[in-house]
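Report on the structure given below.
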2 protein chains.
Amino acid sequence: MTTKNATIKDVAREAKVSVASVSRVLNGLGGVTPVTQKIVREVAARLNYVPDNAARSLITGRTHTIGAVLPDLHGEFFSELIRGIELAARAQGLHLLLSSTHDGIEDAAAAMRAMRGRVDGMLILSEHVDAAFLEENLPDKLPAVLLDSPVKSARYPVLNIDNRAGAIAMVGHLIEAGHQQVAFIGGPKTNYNAQQREKGYRTAMARHAPDAPLTLFDGNFSEESGYRAGQQMLAKKPRPQAVFAANDMMAIGCLRAFREAGLAVPGDIALAGFDDILVSRYLTPPLSTVQVRIADLGRLALERLAALLNRTDKTPASVQTLGCDIVIRESCGGKAAAGAASRKLRKPPRPSRS
Amino acid sequence: MTTKNATIKDVAREAKVSVASVSRVLNGLGGVTPVTQKIVREVAARLNYVPDNAARSLITGRTHTIGAVLPDLHGEFFSELIRGIELAARAQGLHLLLSSTHDGIEDAAAAMRAMRGRVDGMLILSEHVDAAFLEENLPDKLPAVLLDSPVKSARYPVLNIDNRAGAIAMVGHLIEAGHQQVAFIGGPKTNYNAQQREKGYRTAMARHAPDAPLTLFDGNFSEESGYRAGQQMLAKKPRPQAVFAANDMMAIGCLRAFREAGLAVPGDIALAGFDDILVSRYLTPPLSTVQVRIADLGRLALERLAALLNRTDKTPASVQTLGCDIVIRESCGGKAAAGAASRKLRKPPRPSRS
DNA sequence: ATGAAAGCGCTAACAT
DNA sequence: ATGTTAGCGCTTTCAT
């Protein structure tokens with residue numbers, strides 16, 4: 001036999017006060033005698049009363065929940081991102097509604113629409129998002145923060161990883177270590193992070209080894225694609241002296257191709273990745289890579305969103321960039337040393353001239 | 001200037017019908033002329049109307065959201081679990097509210113309380129949960145499914161990994177491969193999975209190598225604790241011939257200790273872990289381990305919960321156990337081969353005698 | 001300091 | 001087939 005959960009009316013009746021007083025006490029609004037307060041609290045506790053959130057948000061218009069729309073939940077990246085977001089949300093007294101999207105833009109739109117009325121704001125990470133899309137699919141004036149996005153909107157703050165600086169630092173290190181000819185294995189064409197990493201590669205090459213050839217291989221962030229790129233590399237006439245993969249998984253695949261061909265890393269060829277996933281440090285040889293503090297990215301994004309919700313946020317919507325560090329292990333043949341690819345949290349590479 | 005989102009009244013007015021008709025159309029309840037339907041749908045689309053979920057759940061008592069209470073969001077285990085849950089939830093048209101708990105039982109209780117009125121059911125994974133705790137902290141008759149739990153409740157289904165069978169299979173394999181003296185590195189004492197893995201170790205030893213000594217080392221699932229256990233092992237007089245760690249991370253730490261001591265794996269000593277995290281296959285040597293299909297665990301748990309919500313679930317609350325497979329790589333010196341530790345999805349080891 | 005009452009946006013009887 | 005209306009449980013004026 002199901003006993004219904006207690007409502008505010010039950011508490012009011014038992015405490016012999018009005019529902020208004022119960023509400024005032026439980027929300028700490030004051031204007032209630034200590035004695036009344038005590039009674040109300042006791043009754044509420046006795047009845048195991050918990051306010052109904054649906055009713056509350058119906059009238060207040062606030063859900064104290066934020067939604068996260070992520071493209072997939074696979075791998076360390078999203079695990080860490082979610083962790084960062086959840087931790088920060090919990091610290092802000094916010095709940096986290098999680099949604100993944102798989103089948104492209106329509107899917108993302110559906111996910112966003114389904115969150116209407118369930119969340120006070122959204123964290124969005126999607127390749128398909130642009131300003132027009134947001135305009136169309138975000139409920140009126142619902143605050144949102146974008147992650148890993150090229151969008152420049154006056155309305156939505158964006159939080160990015162400084163992929164470019166990270167790539168530049170790593171390629172720079174490779175060249176300084178004596179490997180002029182650095183090849184690059186790229187990620188998915190539509191992935192913003194991948195695009196920026198490629199840009200960084202090009203920039204660093206132009207800057208530090210302008211005479212060396214630019215050698216790019218296609219990849220899609222999967223180990224398999226890295227493996228294929230590695231094989232292609234072996235067939236190349238003048239073999240590159242070093243390889244910079246746009247992520248660690250591809251570096252791992254590449255390493256496998258090299259090993260199968262009897263090529264020593266870093267003896268015959270140097271190798272570096274991007275992300276610093278857990279695996280990287282346990283490889284043989286341990287993989288040099290660019291470390292991204294993904295949990296921090298999630299935390300910062302949520303804090304930015306929370307600021308928006310609280311209207312604490314005075315600064316206009318802007319693009320923030322989270323720096324990353326290169327971590328040098330054995331795979332690139334340099335002496336072990338770590339350097340900051342860019343400072344802690346900083347403004348975008350090219351601030352408005354001022 | 002913020003234009004308020006359209007409400008059902010706005011749609012009714014514009015469509016020149018009553019709110020009831022709008023509701024009927026949008027919920028597909030029938031009893032409405034095709035013409036009226038068309039008009040309503042058009043107006044709703046034009047006004048970009050989306051029903052307010054708070055209002056809807058206030059009256060229906062359903063949120064179409066399920067809550068997941070997890071102890072921490074760290075590592076592959078939770079990443080995979082969340083992925084499995086989210087995927088299944090989305091397939092069922094359910095939303096996922098995610099909450100992690102850190103500081104023990106009070107924290108878990110708070111998380112559960114905070115979900116009151118926000119979810120239709122809960123997935124709970126927590127060491128601190130027992131039947132009494134649930135009775136006290138779960139809103140009245142809120143459906144819930146427990147994961148990795150020793151609880152036997154007539155009210156809440158439980159979904160477990162068959163840790164025992166997995167451990168037995170792996171230890172059995174180790175012994176068959178010629179390593180009679182298998183040592184065990186245990187996990188946290190309060191962790192149910194860890195307890196079961198230890199039980200499996202003991203059972204397998206008693207069964208296959210009754211004369212060999214039982215050698216147990218303490219650990220807490222961390223790499224560091226595995227490293228320490230490895231060091232202690234090196235100091236032991238008759239060194240064990242094989243080590244079975246209760247999870248992969250400890251096996252990794254143990255491997256490091258062996259390597260530092262110049263011990264070859266599997267040449268001098270065999271090694272196996274549990275979980276099959278991504279890293280394991282990339283180690284040198286690749287680690288033999290027990291593979292747990294964690295995403296499946298999440299999916300099954302959610303499906304069980306969904307069945308409960310739909311009252312589709314005829315079977316009484318019961319304990320289900322998800323089998324796991326051993327995957328033999330190079331670290332245990334056996335020939336590469338994989339065997340099922342237990343069948344797909346099966347009833348608990350000791351079904352009520354019938 | 002306390003209470004009465006008006007909704008928040010929606011669904012679901014109950015009328016027509 | 002369509003409309004009217006009473007709440008769902010809560011917060012929040014506005015009285016007292």
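Quick note on labels: first sequence line is chain A, next is B, and so on, each numbered from 1.
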Report the distance from atom CG of A/Asp52 to atom P of D/dG7, rounded to the nearest whole Å. 18 Å
Mind calculating the distance between CD1 (B/Ile8) and P (D/dC8) to the nearest angstrom? 19 Å
Between C1' of D/dA1 and NZ of B/Lys16, the distance in whole Å: 19 Å
CG of B/Asp10 versus C1' of C/dG9: gap in Å, rounded? 10 Å
Assert: residue with more 5' nearest nucleotide on DNA chain C, out of A/Val19 and A/Gln37, is A/Gln37
Side-chain N or O of B/Thr33 versus OP1/OP2 of D/dT2: is the shortest distance under 4.0 Å? yes
Please tell me if B/Thr60 has a side-chain N or O lying less than 4.0 Å from either OP1 or OP2 of D/dC8. no
Tell me: NZ of B/Lys9 to P of D/dT4, nearest whole Å? 13 Å
Is there side-chain contact between A/Arg56 and A/His64, with at least one heavy-atom pair below 4.5 Å? no
If only side-chain N and O atoms of B/Ser18 are considered, is one of them under 4.0 Å from the OP1 or OP2 phosphate oxygen of D/dG3? yes
Just to confirm, is there a sub-4.0 Å distance from OP1 or OP2 of D/dT2 to any side-chain nitrogen or oxygen of B/Ser21? no
Report yes if some heavy atom in the side chain of A/Phe133 is under 4.5 Å from a heavy atom in the side chain of A/Met112; otherwise report no. yes
For B/Ile59 and B/Gly31, find the nucleotide of DNA chain D closest to each by heavy atoms; which residue's nucleotide sits nearer the 5' end? B/Gly31
Any B/Ser23 side-chain nitrogen or oxygen under 4.0 Å from OP1 or OP2 of C/dT11: yes
Note, B/Gln92 side chain near B/Glu303 side chain (heavy atom, < 4.5 Å): yes
Roughly, in whole Å, what's the span from CG in A/Asn5 to C1' in D/dC8? 14 Å
Quick one: B/His64 NE2 to C/dT11 C1', roughly how many Å, whole number? 12 Å
Between B/Arg118 and B/Thr65 (side chain of the first, backbone of the second, donor and acceptor by atom type, cut-off under 3.5 Å), is there such a pair? no
Base, sugar-phosphate, or nothing: which does B/Thr36 touch, judged by heavy atoms less than 4.0 Å apart? sugar-phosphate
Give the nucleotide from the list D/dC10, C/dA4, D/dT2 with an atom nearest to the side chain of A/Tyr49. D/dC10
For B/Leu58 and B/Leu29, find the nucleotide of DNA chain C closest to each by heavy atoms; which residue's nucleotide sits nearer the 5' end? B/Leu58
Could you tell me how far apart A/Leu26 (CG) and D/dT11 (C1') are, to the nearest whole angstrom? 12 Å
Is the shortest heavy-atom distance from the side chain of B/Thr101 to the side chain of B/His128 under 4.5 Å? no
